[in-house]
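What you are looking at is a predicted structure, and each value in this text was computed from that prediction instead of being measured.
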Amino acid sequence: MTATDHYASVRYLVDDVQAAVGFYTTHLGFTLNSSAAPAFADVVRGPLRLLLSGPASSGARATPAEATGTGRNRIQLVVDDLDAEIDRLHAAGMPFHGEVVTGPGGRQILLPDPAGNLVELFQPAAHRP
């Protein structure tokens, strides 16, 4: 076990490491952990360590050609007030995919990062006693 074992790590392949770092640190509350830009950087928020791998990184080079497109996977960030987050991000010029979706567990919307990777902003439904 290492010192980074207290993080859950997710790798996102990105076209521009600096743009991705700026997006996550400016708009979503992540902090820069380390940078070897333009190849790689990692940002953290709570127990999540997001590995941002540019085209020259070993993580990107290890990906088979048939698996290089973005998928339907996404990280989920829980927010207290989804409408306020949408307003804040719209004011910063951030685009969304689709509209707010409401279900029994709560409300969500999808926000693409600069490379098209998805971030789900999720507000849990109020728990009733």
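- Of all heavy-atom pairs between P55 and V14, the closest is CD-O, 3.4 Å.
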Please output the side-chain donor-acceptor pairs of residues 75-84 that fall under 3.5 Å, not counting sequence neighbours, one pair per line with the distance.
residue	atom	partner	partner atom	Å
Q76	NE2	E120	OE2	2.8
D81	OD1	D83	N	3.2
D81	OD1	A84	N	3.1
D83	OD1	R107	NH2	2.9

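- Taken from CZ in R74 to CZ in F122, the straight-line distance is 10.5 Å, to the nearest 0.5 Å.
- For D113 and Y12, the side-chain atoms include no donor-acceptor pair closer than 3.5 Å.
- With rounding to the nearest 0.5 Å, the separation of CG in L48 from CG in D42 is 10.5 Å.
- Annotation: the span from L13 atom CG to S57 atom OG amounts to 6.5 Å, rounded to 0.5 Å.
- Within the model, atoms CZ of R11 and CZ of R49 stand 8.5 Å from one another, a figure rounded to the nearest 0.5 Å.
- Residue V17 comes nearest to A41 through the heavy atom pair CG1-CB, 3.7 Å, listed as atom of the first residue, atom of the second, then distance.
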Stepwise side-chain contact (heavy atoms from CB on, under 4.5 Å) check, L52 with V43: CA-CA 8 Å; L52 303 169; V43 293; 4.1 Å; yes
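- Side-chain atoms of I109 and L111, non-hydrogen and from C-beta on, never get closer than 4.5 Å to each other.
- Following chains of ILVMFWY side-chain contacts shorter than 4.5 Å, one cannot reach Y7 starting from V119, and the two form parts of different hydrophobic clusters.
- Contact detail for A125 and P104: the closest heavy-atom pair is CB-O, 3.6 Å.
- With values rounded to the nearest 0.5 angstrom, L110 atom CG is found 8.5 Å from L121 atom CG.
- To the nearest 0.5 Å, atom OG1 of residue T26 and atom CG of residue L89 are 11.0 Å apart.
- Among all heavy-atom pairs drawn from A19 and P114, the shortest one is O-CG, 3.7 Å.
- Remark: H90 engages F96 in a ring-ring contact (aromatic ring centres under 6.0 Å, His included) (not counting sequence neighbours).
- For the pair S34/F40, a side-chain contact is recorded, criterion being any heavy-atom separation below 4.5 Å from C-beta on.
- When hydrophobic clusters are built by joining Ile, Leu, Val, Met, Phe, Trp and Tyr residues whose side-chain heavy atoms come closer than 4.5 Å, directly or via intermediates, L50 is grouped together with L32.
- Looking only at distances, a side-chain donor or acceptor of R45 sits under 3.5 Å from a matching main-chain atom of L28.
- Taking 4.5 Å as the limit, some side-chain heavy atom of H27 sits within range of a side-chain heavy atom of M94.
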